[in-house]
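Computed from a prediction, not measured in an experiment: that's the story for all the values here.
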Amino acid sequence: MKKVLIVEDHFLTSTGIRILLNEIIDESEIYEAISFEGALETCASHKLDLIILDIDIPGGADADMIPQLRRIQPEVKILVCTGFDEKKYALEYIAAGASGFVSKSSERPKMRLAIETVLENKRYVSDVIQQRFLEEIYQKTNESAVSSEVSRLSTREEEIMKLILDGKWRKEIASLLRISPNTVSTYKSRIFEKMKVSTVITQVEIRNRSVKVERRLYHGASRWMVTPFECMAVNSSRWPFGP
């Protein structure tokens, strides 16, 4: 029995997430909280396997929400699911200890993959953020260290890394190199390991501690924007997008 907490103050969105969770998990006990205070109370009273956390909730404290939740349940998996720009916020929340970061506007297969990946005790970020990881590495001041790390890559790994930096998606890379998308994912994992992506996460974490992150104003937008999850909740018999 998996116990999941959905922290979301929009009814249609939380309903959509609940429907997807019921598809993914055979047996689950799902709790809901519409504020960060409610999330902390639920964490204190129930042993959870997964928390799906929106950023823009009443009482929210930006990325500080992650360590606060982990102080109560250190082993819980936390998937941030938000309408905020992942390019601006994903690295910050991953550095704070989130298990994954996914956009509310993601299509059904990507949202499903994000939840499944986190439940398997792995980290999830989109292809866009994977590319950002590599770009951060190349912006490091010690160019000799970067050169040393690149030299550890195989010819195929270098080829795939260049395509990622060019903005190519996993399926595009697979098509160009005539390999399967799963093979591309395997190569990505090897590249990240050899390029010491964890170092990038640490650098972001240090930066976040010393610089107060300016939170983007989100007045009204999340209240009125219809997300794919809300479309699904209105008509749960079919998804209005994707396969």
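A donor atom on one side chain and an acceptor atom on the other are found under 3.5 Å apart for T183 and S180.
Residues T42 and I51 have side chains not in contact (no heavy-atom distance under 4.5 Å, counting atoms from C-beta outward). In this structure, D49 and V4 have side chains that are not in contact, with every pair of non-hydrogen atoms separated by 4.5 Å or more. E158 places none of its side-chain heavy atoms less than 4.5 Å from the side chain of I191. Side chains of E159 and T155 form no contact here, defined as non-hydrogen atoms less than 4.5 Å apart. Side-chain contact between D62 and Y89 is absent, with no heavy atoms from C-beta onward closer than 4.5 Å. Looking at C43 and V76, their side chains never come closer than 4.5 Å, going by heavy atoms from C-beta outward. Here the side chains of L50 and I52 are in contact, with some heavy-atom distance below 4.5 Å.
What you find for L79 and G100 is that their closest heavy atoms are CD1-C, 3.6 Å. Nearest heavy-atom pair, F101 versus I94, reported as atom, atom and distance to 0.1 Å: N-CD1, 4.2 Å. Minimum heavy-atom separation, P181 to R170: O-CD, 3.4 Å. Taking each heavy atom of R123 and T117 in turn, the nearest pair found is O-CG2, 3.6 Å. When all heavy atoms of C81 and M111 are compared, the pair lying nearest together is SG-CE, 3.9 Å. Across all non-hydrogen atoms, the minimal contact from A33 to A39 is CB-N, 3.6 Å.
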Exercise. Apply side chain to side chain contact (heavy atoms under 4.5 Å, CB included) to K87 and D85, showing your working.
Key: CA-CA 5 Å; K87 292 181 181 179; D85 186 352; 3.4 Å; yes
Exercise. Apply salt bridge (charged side-chain N to carboxylate O under 4.0 Å, His left out) to E157 and K188, showing your working.
Key: CA-CA 8 Å; E157 288 166 351; K188 278 186 178 181; over 6 Å; no
Exercise. Assess whether salt bridge (charged side-chain N to carboxylate O under 4.0 Å, His left out) is satisfied between K110 and E107, documenting all intermediate values.
Key: CA-CA 6 Å; K110 286 188 178 180; E107 296 182 350; over 6 Å; no
Quiz item: Stepwise, does the side chain to side chain contact (heavy atoms under 4.5 Å, CB included) test hold for V102 with Y124?
Solution: CA-CA 8 Å; V102 65; Y124 176 87; 4.2 Å; yes
Exercise. Show the numbers, then the answer: is there a salt bridge (charged side-chain N to carboxylate O under 4.0 Å, His left out) between E8 and K104?
Key: CA-CA 11 Å; E8 170 63 63; K104 284 184 181 179; 2.9 Å; yes
Quiz item: Could you go step by step and tell me if S126 and E86 meet the side chain to side chain contact (heavy atoms under 4.5 Å, CB included) rule?
Solution: CA-CA 9 Å; S126 70; E86 63 180 343; 3.0 Å; yes
Quiz item: Stepwise, does the side chain to side chain contact (heavy atoms under 4.5 Å, CB included) test hold for K2 with L21?
Solution: CA-CA 10 Å; K2 296 287 187 183; L21 285 169; over 6 Å; no
Quiz item: Do E32 and R18 pass the salt bridge (charged side-chain N to carboxylate O under 4.0 Å, His left out) test, and can you show the C-alpha distance, the side-chain angles, and the key distance before you say yes or no?
Solution: CA-CA 9 Å; E32 294 187 24; R18 178 183 284 270; 2.9 Å; yes
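For the atom pair CD1 (I115) and CD1 (I24), the distance works out to 4.0 Å, reported to the nearest 0.5 Å. The CG atom of L163 sits 13.0 Å away from the OH atom of Y187 when rounded to the nearest 0.5 Å. The NE2 atom of H10 sits 11.0 Å away from atom CD1 of I57, with the distance rounded to the nearest 0.5 Å. Considering CD of E27 and CG of N22, their distance stands at 11.5 Å, rounded to 0.5 Å. The CD1 atom of I6 sits 13.0 Å away from atom CG of D9, with the distance rounded to the nearest 0.5 Å. Atom-to-atom distance recorded for Y31:OH and L5:CG is 9.5 Å, nearest 0.5 angstrom.
Using modelled atom types, no side-chain atom of E29 and backbone atom of K3 make a donor-acceptor pair closer than 3.5 Å. S189 places a side-chain N or O within 3.5 Å of a backbone atom of S185 that can act as its donor or acceptor partner. Distance alone, capped at 3.5 Å, places no donor-acceptor pair between the S28 side chain and the I30 backbone. A donor-acceptor pair is defined here as one N or O able to donate and one able to accept, closer than 3.5 Å; no such pair exists between the side chain of S99 and the backbone of K77. No donor-acceptor distance shorter than 3.5 angstrom exists from the side chain of S175 to the backbone of E172, with no hydrogens or angles considered.
Neither V80 nor I34 shares a network with the other; the hydrophobic side chains, linked directly or stepwise wherever heavy atoms of I, L, V, M, F, W or Y lie under 4.5 Å apart, form separate groups for each.
Residue F36 is tested with L69, V7, D64 for a side-chain contact (heavy atoms from CB on, under 4.5 Å); the sole match is L69.
Residues E23 and R112 are paired through a salt bridge, judged by an N-O separation under 4.0 Å between the basic side chain and the carboxylate.
Within a 6.0 Å sphere centred on CG of L113, other residues, nucleotides and ligands contribute more than 12 heavy atoms. The neighbour count for E116 CD, taken as heavy atoms of other residues, nucleotides or ligands under 6.0 Å away, is above 12.
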